[in-house]
Structures are given as C-alpha cells and as structure tokens.
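One structure is given here, and the rest of the page talks about it.
Atom set for the values below is all heavy atoms of this structure, side chains included, hydrogens, waters and symmetry mates excluded. Convention: sequence-line order gives letters A, B, ...; per-chain numbering from 1.
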Amino acid sequence: MPELPEVETTRRGLAPLVCGATVAAVIVRNRALRRPVPRDLARILTGRRIDALERRAKYLLFRAGDGTLIVHLGMSGRLWVVAADAAPQTHDHLDLAFSNGRVVRLRDPRRFGLVLWHSGDPLRHRLLRDIGPEPLSDALNADWLFRATRARSGAIKNALMDSHLIAGVGNIYANEALFRARINPKLPARRIGLERYALLAARIRETLSEAIGAGGSSLRDYVGGDGMAGRFQNRFLVYDRGGEPCVNCGAPLRAFVQGQRSTYYCPRCQR
DNA sequence: CGCCAGGCCTGCACGC
DNA sequence: TGCGTGCAGGCCTGGC
C-alpha cells in the first residue's frame, strides 16, 4: 500500500526520468479508476512537456505547462518506468510514453487510484485545496496541531488520519508515530497539550523520513520494474504486531479497530 | 468459497 | 441557517 514514503520514493525515482521530457503518446486501457480517467487525456497531454514532478500529500503532480496531471496511487497503485516494448499485464491501466523513449506505466489492481487533469494551479483543485500541512515541512508543528484539535472530540489516532489536519499520514504511520511518541491512540485529541504535540510532530517527521530513506534504498529496483521492495516494513514497531512483545517494555501489543481502521499499540508505554 | 483490509472521498446525522 | 465534526458506505481485488 503506497503511503507517503512510497509516493515520495516514486516521485524521486521518476522525476529525473520525466522532467523535461515530452509526452509522445498516452495509452489508456481501463478508465475505471476511483473516478473515470478523463476521456480526452491523450489529446490534452500529447505534445506537452513535463516541467516538474511534485507531491502534495499522496498526490503526484506532473506539472505540464498551464496544467497538471494529478495521480493518486490509491492503495495498490504503482507507477514505474518500463521498457518501451514491455507487454502490458493485467491491471496495467495506463501508459505515458515519452519522446525520449521512456514509458511510465500505472498498475493498480484495486483501482482505488486516480488520474486526472487540472488546468491551472493544482493546489487549488477541490481535492487538494483543503489538505493540511505537509508532515515533512515546518508547517507541521505543535502550534498547528494544538490549535486545530481544540474543537475535536475524537481520538488522536483518527485525527492523525484526517487529511485536513495533516497531509498524507496513513494508518501504518499513524500507528508508528503514536508509539514513538508514547501517546495512546484512544486519547482525545483535544486533551493533548503543546509539549506532547511537539513530540508527536517530531516523531511523525522522523518516522516518515526513515521510511523514505528505506524506500530510497530500493529505488533502483523499483524504477527498474521489480516493484516496490522498500525495506521499511521490516522496521514497523507496532503495525501488524498485535500480541507480540513491545520492543520497549515487553508487554504484549494490543490490536483493535478504531474508526474502521486497525490500531496497534502498547498499553503500557502509550498513555 | 467467503470475507475483508486498505485510502479517502462522499453523503448524512448531529450539535452548537 | 450554516458550519465543523463524526460516522458509515462505497469503490475493488488478492490473499487468507
């Protein structure tokens, strides 16, 4: 499941290969993603040059002149470079062929992904404009988290997964960051003070940065087409470890469903 | 064979 | 009335 570190790894891998390149052809094999791929995407993109590849939350932004190709990988999407003559396989829904001979391919078995075109500033697109601060930027800090949670009655774990509060923190990293900050996922967000939010902001950034570093180590394989073999999953401290001993205190980790998502935590360390 | 995770948008219910 | 918030539903398929 691509979380923010995988999306950022994808961005870093693709950027040097597509920036400055011109789109020669667009092949859409299946338009039925979470929203239909625009019918006129090929007409719009062909002949355009990619100026930059950016990321906002988990959205990839291919800046191309006065518009932007916005791509979201959902939970099973992969975007990578294939050989120009590589035969498409099942779930390979879209190819972007560039005039430099490179082909960027989207594979998304569950089709929760998204491909759309936006003319004008993509940050003002309806899906992007109300997203909270980037977790790797200084905009994510104790002041913001504290202020933005005063009126919330819900648990901190659910708040962390609200994209309007913070961009791009998914279930795995919400679990991991809360463990590292020693905060109980059930704790109401409004009851957390400035100091603990400072710690949490630091741990969120730390966890995501480490994961990006680990994803970076498999960057070559990924872009080469071997799929996403990032190594950070070996470093999860609580995620998917219900019943296992806490690395910190040895107490058995607990698992439960919170806001329709699996939560894992240490009942002794996280208060 | 049937269930269900998973991101995240959408629509609805609710309280101030 | 309107707005922010919370909650549940829906989209899909691979893997158990």
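The neighbour count for A:R254 CZ, taken as heavy atoms of other residues, nucleotides or ligands under 6.0 Å away, does not exceed 12.
With distances taken from any side-chain atom of A:E3 to the nucleotides C:dA8, C:dT13, B:dG7, the minimum falls on B:dG7. Minimum atom distance to the side chain of A:R110 is reached by B:dG6, of the listed B:dG6, C:dG9, B:dC8. Nearest to the side chain of A:R35, among B:dC9, C:dT13, B:dG7, sits B:dC9. In the set B:dG6, C:dT13, B:dC8, C:dT13 carries the atom at the smallest distance from any side-chain atom of A:H91.
Note on A:L127: only backbone sugar-phosphate atoms sit closer than 4.0 angstrom, heavy atoms only; bases stay farther off. Nucleic acid contact for A:D162: none, since no nucleic acid atom lies under 4.0 Å from a heavy atom of the residue. Among the atoms of the strands shown, only primed sugar atoms or phosphate atoms (P, OP1, OP2) are found under 4.0 Å from some heavy atom of A:R126. Using a 4.0 Å heavy-atom distance criterion, A:R261 is classed as a base contact.
Here the C1' atom of nucleotide B:dT10 and the NE2 atom of A:H72 are 15 Å apart, to the nearest Å.
In this structure, the aromatic ring of A:F112 is not positioned over the six-membered ring of the base of B:dC8 within 5.5 Å between centres and 30° between planes.
By the 4.0 Å N-to-carboxylate-O rule, A:R107 lies too far from A:D95 to be salt-bridged with it. The pair A:R180-A:E210 meets the salt-bridge criterion, since a charged nitrogen lies less than 4.0 angstrom from a carboxylate oxygen.
The backbone N or O of A:D108 sits less than 3.5 Å from a side-chain atom of A:H93, completing a donor-acceptor pair.
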